[in-house]
There are 2 protein chains.
Amino acid sequence: MNEKDHYFLLYLARNIGFHGTMETSTGKIAKGLDISQQTVSRKLLEFAEEGLIIRSVTSTGMKLALAEKSREKLRTLYGELQTLFGKQLTLSGILKDGLGEGRFYMSQEQYKKQFQSFLGFVPYQGTLNISVDKDAAVAFVATKKQLYITGFSTKERTFGGLKCYSVLIAKKIPGAVIVPDRTAHTLETIELIAAVNLREMLELENGKKITVQ
Amino acid sequence: MNEKDHYFLLYLARNIGFHGTMETSTGKIAKGLDISQQTVSRKLLEFAEEGLIIRSVTSTGMKLALAEKSREKLRTLYGELQTLFGKQLTLSGILKDGLGEGRFYMSQEQYKKQFQSFLGFVPYQGTLNISVDKDAAVAFVATKKQLYITGFSTKERTFGGLKCYSVLIAKKIPGAVIVPDRTAHTLETIELIAAVNLREMLELENGKKITVQ
DNA sequence: ATTACTAGGTTCCGAGTAA
DNA sequence: TTTACTCGGAACCTAGTAA
């Protein structure tokens with residue numbers, strides 16, 4: 001098997017399911033992958049030959065299931081990417097005084113709703129400002145999936161959007177780093193939120209060191 | 001860019017590092033990927049052309065760094081695999097009487113230490129035995145990362161190794177499924193452990209239904 | 001409808017080799 | 001030593017079409 005064919009396999013896995021079977025046809029797959037029906041036919045024959053899939057031609061098309069061998073291949077690929085991304089980077093910094101603005105932002109219903117759906121929790125009303133090394137912070141967020149919280153307007157004013165990255169604070173509390181689109185500080189300072197009052201939970205005071213991963 | 005070239009990219013990412021740079025040569029990469037030096041040379045030129053990598057030829061070879069575009073591509077691929085593997089499968093079963101043996105096992109220091117380092121918690125001394133559908137259980141653990149707790153011997157007796165899979169019990173309690181190497185039951189019964197007394201925390205009694213994910 | 005064979009065209013690879 | 005060009009051949013893809 002040409003290892004490049006993993007993509008074909010990935011497509012099949014997504015549609016068939018990891019353990020399921022599926023009634024489909026070479027034409028449908030061809031459309032999905034944007035290649036010819038002939039190529040799909042040929043590839044599927046090759047894959048079956050190599051024991052990657054289980055295949056049976058029916059009157060209306062064919063029935064497909066992944067074989068263990070292809071599950072193994074996908075797991076390997078996944079593992080490789082995990083080692084690449086999974087190097088649980090940590091970011092450390094010093095707690096400093098916030099501007100009290102975070103509290104106001106976090107009290108807005110429209111932010112709260114989005115945090116709930118993106119992060120799975122409603123943030124405690126207040127943010128933690130941490131001084132960090134800018135380059136380290138940039139590298140850190142680069143490895144994280146970026147979630148985007150959209151802005152909105154009320155009668156009184158406009159609230160901007162913000163990027164947010166799910167993290168684990170002090171090795172135990174699930175939370176997030178938030179980066180407002182329009183912010184006074186660059187990544188020299190990051191803002192942390194969590195479902196709980198972090199200052200209390202972690203018995204923090206200004207100047208203390210905090211690590212997120 | 002041919003999407004199949006992701007493999008080439010993955011190799012580069014692993015060797016260069018996600019954000020780093022690296023002094024290397026087309027010959028070395030060719031050896032690593034088991035393709036010709038000429039192909040590597042051609043591919044790298046193509047990649048640079050497409051803004052996937054940053055490339056500069058030196059007297060001894062070349063200096064390479066990934067560009068943001070290729071990081072993005074790898075992230076996408078990773079994301080696709082995550083949705084494939086990450087479909088938080090759940091497994092449900094009925095609580096049944098244990099043999100009281102679990103308690104004895106979990107009291108062994110050498111097991112405790114390993115659980116602490118692999119799972120991040122020391123299990124409560126006692127296991128929960130759950131009757132489940134065997135096939136569902138096999139499919140369930142297949143999607144989980146397998147952690148292996150090694151066995152050991154004391155003066156009195158030998159303790160076998162066990163496989164263990166990190167799970168979330170009843171949607172809220174972090175725990176693990178353990179599968180002893182030598183076990184009376186096959187996967188018709190799974191054993192659960194957690195940092196806390198699950199019977200109390202979940203107000204369980206025999207015959208109740210439990211779900212893990 | 002389907003699957004899948006044949007034929008012809010395109011893409012891709014690597015040995016040889018220049019710089 | 002390098003990188004990277006040329007070019008012949010292998011691998012691959014798809015239109016046409018049989019079953």
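First the proteins, then the strands, lettered A, B, ... as listed; each starts at 1.
- For Tyr148(B), the side chain to side chain donor-acceptor pair (under 3.5 Å) partners are Asp181(B), not counting sequence neighbours.
- Atoms CD (Glu49(B)) and C1' (dT3(D)) sit 16 Å apart, rounded to a whole Å.
- Atom-to-atom, CZ of Phe47(A) to P of dA4(C) comes out at 14 Å; the value is rounded to the nearest Å.
- Residues Ile169(A) and Gly175(A) approach most closely at CD1-CA, 3.9 Å, considering heavy atoms.
- Proximity note for Val57(A) (side chain, C-beta onward) versus dT3(C), dA4(D), dT3(D): the nearest is dT3(C).
- Rounded to whole Å, atom C1' of dT3(C) lies 14 Å from atom CD of Glu23(A).
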Requested in this report: Would you give a per-nucleotide map of nucleotides 14-19 of chain D, 5' to 3', where B means the base has a protein non-hydrogen atom under 4.0 Å away, S means only the sugar-phosphate does, and - means neither?
Outcome: BBB---
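- At a threshold of 4.0 angstrom between heavy atoms, the contacts of Ser41(B) include nucleobase atoms, whether or not backbone atoms are also involved.
- At whole-Å resolution of the value, CG in Leu44(A) and C1' in dA4(C) are 11 Å apart.
- In this structure, the side chain to side chain contact (heavy atoms under 4.5 Å, CB included) partners of Glu23(A), at least two apart in sequence or on a different chain, are Thr58(A), Thr60(A), Lys63(A).
- Every residue was checked against the ring pair (Phe, Tyr, Trp, His ring centres under 6.0 Å) condition with Tyr124(A), not counting sequence neighbours, and none meets it.
- Mapping Leu45(B) and Lys28(B) onto DNA chain D by nearest heavy atom places Lys28(B) at the nucleotide closer to the 5' end.
- Scanning for side chain to side chain donor-acceptor pair (under 3.5 Å) contacts around Arg55(B) gives an empty result, with sequence neighbours left out.
- By the side chain to side chain contact (heavy atoms under 4.5 Å, CB included) test, Lys113(A) is found to be paired with no residue, residues two or more places apart in sequence or in another chain being considered.
- Whole-Å rounding puts the Lys43(A) NZ to dC12(D) C1' distance at 8 Å.
- Checked against ring pair (Phe, Tyr, Trp, His ring centres under 6.0 Å), Phe115(B) has no partners two or more places apart in sequence or in another chain.
- Where Ser59(A) and Glu46(B) each meet DNA chain C at their nearest nucleotide, the meeting point lying more 5' is that of Ser59(A).
- In this structure, the CG atom of Leu64(A) is 14 Å from the P atom of dT2(C), given to the nearest Å.
- Contact between the side-chain N/O atoms of Thr26(A) and the OP1/OP2 oxygens of dT3(C) is found at a separation under 4.0 Å.
- Inter-axis angle, ends of the helix from dT2(C)-dA19(D) to dA19(C)-dT2(D), five pairs per end, rounded to 10 degrees: 30°.
- Regarding Leu33(B), its CG atom lies at a distance of 17 Å from the P atom of dC12(C), rounded to whole Å.
- Enclosure of atom NZ in Lys31(A) is not indicated, since only 12 or fewer non-hydrogen atoms of other residues, nucleotides or ligands lie within 6.0 angstrom.
- With sequence neighbours left out, the ring pair (Phe, Tyr, Trp, His ring centres under 6.0 Å) criterion links Phe152(B) to Tyr111(B), Phe159(B).
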